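Computed from a predicted structure; not experimentally measured. Below, chains carry the letters A, B, ... as their sequence lines are ordered, and counting in each starts from 1.
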Amino acid sequence: MKARVFVTLKNGVLDPQGKAIGRALNNLGFASVGGVRQGKLIEIELAETDADKARAELTEMCEKLLANTVIEKFDIELKG
Amino acid sequence: MKSAVVVFPASNCDRDAAVALEQITGHKPVMVWHADSDVPDVDLIVLPGGFSYGDYLRCGAMAGQSNIMRAVKEKSEKGVRVLGICNGFQVLTETHMLPGVLMKNAGLKFVCKPVGLTVVETQSVFTRKYQAGQRVEFPVAHGDGNYVADAETLDRLEGDGRVVFKYAANENPNGSARDIAGILNEKRNVLGLMPHPERVCDPLLGGTDGRAVFEGLLEALG
């Protein structure tokens with residue numbers, strides 16, 4: 001089973017990198033670009049075949065290591 | 001006073017800390033490798049600056065999961081003093097030994113320069129040799145020193161006298177909330193700070209403002 005974990009900043013947490021990317025896109029002529037937020041994508045291969053168990057395990061991984069839940073939230077996407 | 005300095009892969013201020021400790025306390029600190037699972041019996045544990053584990057995932061995140069940090073956390077719960085400098089501060093927030101988090105500098109640049117600080121709180125073993133309100137100058141060298149916590153946590157830190165160092169007015173190099181440069185845990189035996197006192201302990205290195213941190217510890221811990 002494959003998982004994709006998206007770690008992003010919580011709403012309201014200032015993201016200076018996202019802002020800089022937004023400005024750079026504007027400078028490149030992409031005038032329609034408004035807000036930009038940057039995050040991380042982590043791809044994980046799991047031996048677990050039960051989706052519920054996999055999701056529970058991934059949630060624990062996020063809380064223990066992959067995300068700093070003081071400022072970040074996470075989304076889990078499962079495949080196969 | 002017996003001390004130990006933890007060495008992570010890519011720590012780079014471990015020897016600066018060791019030199020400062022030896023000069024001031026007269027005893028060589030024990031250097032403890034990150035893979036060890038025990039810290040020897042000491043009065044002070046220093047988590048040094050650097051880029052532990054290449055800053056992978058988040059600054060301090062991997063170090064926070066290391067064997068040695070489990071031991072450091074246990075010791076700190078028994079009252080052993082822990083001083084986390086720069087990356088060490090980041091490690092302390094990642095292990096939740098200190099609240100909040102250190103985010104990328106607001107200006108996005110790595111900042112490396114001497115910065116003026118105000119000693120806000122002298123009721124701690126780390127700052128007892130300073131005067132309240134005293135201005136000191138320590139170097140900073142970090143890309144992720146922007147201290148962030150929710151308003152309630154910030155109020156509690158300030159109300160309990162746990163903010164010990166602030167950046168001096170108009171000298172905040174990273175956008176830190178309320179100009180916070182260093183904070184204590186609730187039991188006041190753990191200090192994390194972004195600026196480097198260990199780099200200003202010898203006049204040859206440009207200043208001695210940092211000596212009082214180690215002199216205070218020596219005086220308090222014998």
Within a radius of less than 6.0 Å around [atom1] of [X], do more than 12 heavy atoms belonging to other residues, nucleotides or ligands occur?
{"X": "B:Asp41", "atom1": "CG", "value": "no"}
{"X": "A:Lys53", "atom1": "NZ", "value": "no"}
{"X": "B:Tyr56", "atom1": "OH", "value": "no"}
{"X": "A:Glu77", "atom1": "CD", "value": "yes"}
{"X": "B:Arg15", "atom1": "CZ", "value": "no"}
{"X": "A:Lys19", "atom1": "NZ", "value": "no"}
{"X": "B:Lys187", "atom1": "NZ", "value": "yes"}

Check whether [X] gets within reach of chain B through its side chain, its backbone, both or neither, counting any heavy atom under 4.5 Å.
{"X": "A:Val13", "value": "side chain"}
{"X": "A:Leu9", "value": "side chain"}
{"X": "A:Ile71", "value": "side chain"}
{"X": "A:Lys64", "value": "backbone"}

(request) Carefully, step by step, assess B:Val101 and A:Glu72 under the rule side chain to side chain contact (heavy atoms under 4.5 Å, CB included). (result) CA-CA 11 Å; B:Val101 57; A:Glu72 292 172 328; over 6 Å; no
Contact summary for [X] and [Y], nearest pair of heavy atoms:
{"X": "B:Arg58", "Y": "A:Leu66", "value": "NH1-O, 2.9 Å"}
{"X": "B:Met103", "Y": "A:Leu14", "value": "CE-O, 3.6 Å"}
{"X": "A:Pro16", "Y": "B:Lys104", "value": "CG-O, 4.4 Å"}

(message) Between B:Glu94 and A:Asn68 (side chain of the first, backbone of the second, donor and acceptor by atom type, cut-off under 3.5 Å), is there such a pair?
(response) no
(request) Without swapping roles, check the side chain of A:Lys40 against the backbone of B:Leu57 for a donor-acceptor pair under 3.5 Å. (result)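 Yes, the answer is positive, given that a donor and an acceptor are paired below the 3.5 Å cut-off.
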(request) Answer with side chain, backbone, both or neither: which region of B:Asn105 has an atom nearer than 4.5 Å to a non-hydrogen atom of chain A? (result)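 The answer is the backbone of B:Asn105.
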